[in-house]
Amino acid sequence: MDFKIGCIPGDGIGPEIVREARKVLDAVGERFSHRFVYTEIDMGGCSIDKYGIPLTDEAIKKSLESDAVLMGSVGGNTATSPWYKLPPEKRPEAGLLGIRKALKLFANLRPSFLFPELKAACPLREQVAEAGFDFIMVRELTGGLYFGERYTKVIDGKETAVDTLIYNEDEIRRVSKKAFEIAEKRRKKVTLVDKANVLDSSRLWRKITAQTAAEYPDIELDYMLVDNAAMQIVKDPAQFDVVLTENMFGDILSDEAAQITGSIGMLPSASLNETKFGLYEPSGGSAPDIAGLNIANPIATVLSAAMMLKYSFDLSEESAAVEEAVKAVMAEGIRTGDIMSEGCRKVSTSEMGDYIAGKVKEGKC
Ligand code: IPM
Ligand code: MG
């Protein structure tokens with residue numbers, strides 16, 4: 001089959017890691033007789049340099065014309081890059097928020113699992129690492145504090161800043177349904193993380209999520225306050241299966257969930273809308289300090305492409321082949337610098353892509 005993929009290489013290490021993910025996708029195409037056709041899309045800092053804004057209408061149009069979008073990363077060094085001298089709405093990150101909104105990508109899936117080969121890199125206690133963990137965070141992505149009204153003005157003679165945390169029932173319902181659908185294919189447990197002891201918005205999340213739960217009687221729903229969740233993720237991550245939460249809590253907790261796996265360079269993510277369309281990107285950032293050095297870990301982007309095969313293209317076998325290829329390369333002790341350990345072989349970004357693509361083509365996985 002033919003699939004149209006919009007490619008947003010972006011900034012920093014973005015172009016290098018997207019290049020490797022494409023290499024792996026092409027290997028999938030070769031082995032399973034699919035054709036992936038790529039359209040390059042500018043977004044983030046590189047779009048600012050070319051057009052003065054981080055996200056153009058053209059970029060949105062090209063994304064919408066694709067079956068799915070594969071993204072590297074956007075943004076630069078916030079202390080030194082001239083992009084951060086621009087007003088907030090013209091910075092690279094505004095492009096990312098803008099494209100999420102424009103493409104209605106309300107559900108952000110961020111898996112957190114420990115590769116057995118990387119147990120040594122897990123910063124948690126040995127028993128916790130030994131037990132392992134495998135959960136997925138479903139973060140609401142187009143509402144809440146990041147999209148509510150905000151302003152700074154003088155009120156009662158004092159400079160005052162206001163951000164608004166706002167959710168309506170439909171926004172909560174659609175993302176909670178996604179979480180339950182995902183739980184159906186996993187260990188059938190959803191944990192709603194909120195701050196219902198303080199916030200009205202959290203109380204609405206509980207009410208609507210309970211209504212969704214009634215439609216999925218085989219799935220267990222429990223509730224956890226966000227401060228406790230921050231603690232439980234490091235204390236006993238194995239207790240979680242699907243963690244459902246609002247935008248800001250998900251932003252914060254998903255970084256914590258990524259860190260406990262040892263390297264953020266391993267974790268993919270998917271942002272989905274109501275249809276099969278999605279934007280797929282690594283959980284990590286643009287790492288401007290190592291950009292262009294061919295040393296970044298492309299695995300998170302490769303696994304994001306695997307998520308794209310599964311969620312947007314319904315190619316589960318192909319997706320599994322990519323995941324198995326990554327595992328096989330890990331098992332052979334091939335590592336980029338960020339996950340390097342004694343006795344392993346250190347390779348570059350492009351070599352890692354070659355190894356994974358090679359395994360996919362071999363067809364043994
Ligand atoms: C993320 C990032 C973004 C977010 C920033 C760059 C706007 O932190 O994808 O988690 O907060 O959503
Ligand atoms: Mg974040």
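Ligands are counted one by one from 1 in listed order, and the atoms in each one are counted from 1 as well. As a basis for the values below, the full set of heavy atoms in this structure was taken, side chains included, without hydrogen atoms, waters or symmetry mates.
A continuous path of hydrophobic side-chain contacts links Phe277 to Leu96 [ILVMFWY only; heavy atoms under 4.5 Å].
Sorted by chain and number, the residues within 4.0 Å of ligand 1 by heavy atom are Glu93, Arg100, Arg110, Arg139, Tyr146, Asp251.
Legend: protein N/O/S atoms lying under 2.8 Å from the Mg ion (ligand 2), waters omitted, number 1.
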### Query
Would Tyr38 and Asp26 satisfy side-chain hydrogen bond (donor to acceptor under 3.5 Å, both in side chains), going step by step from the backbone distance to the final call?
CA-CA 11 Å; Tyr38 306 96; Asp26 289 339; 2.9 Å; yes

### Task
List the steps and the verdict of side-chain hydrogen bond (donor to acceptor under 3.5 Å, both in side chains) for Tyr84 and Asn77.
CA-CA 8 Å; Tyr84 296 93; Asn77 184 319; over 6 Å; no

### Query
Yes or no on side-chain hydrogen bond (donor to acceptor under 3.5 Å, both in side chains) for Glu140 and Tyr167, after CA distance, side-chain angles and deciding distance?
CA-CA 10 Å; Glu140 199 291 326; Tyr167 273 109; 2.8 Å; yes

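Heavy atoms of other residues, nucleotides or ligands lying less than 6.0 angstrom from CG of Asn197 number more than 12. In Ile166, the CD1 atom is not crowded: 12 or fewer heavy atoms of neighbouring residues, nucleotides or ligands sit closer than 6.0 Å.
Judged as a side chain to side chain contact (heavy atoms under 4.5 Å, CB included), and not counting sequence neighbours, the contacts of Val226 are Val193, Lys195, Phe249, Leu253. Applying the ring-ring contact (aromatic ring centres under 6.0 Å, His included) test to Phe3 and every residue at least two apart in sequence or in another chain returns His34, Phe36, Phe313.
Remark: side-chain polar atoms of Asn273 are paired, donor with acceptor, to backbone N or O of Thr275 under 3.5 angstrom.
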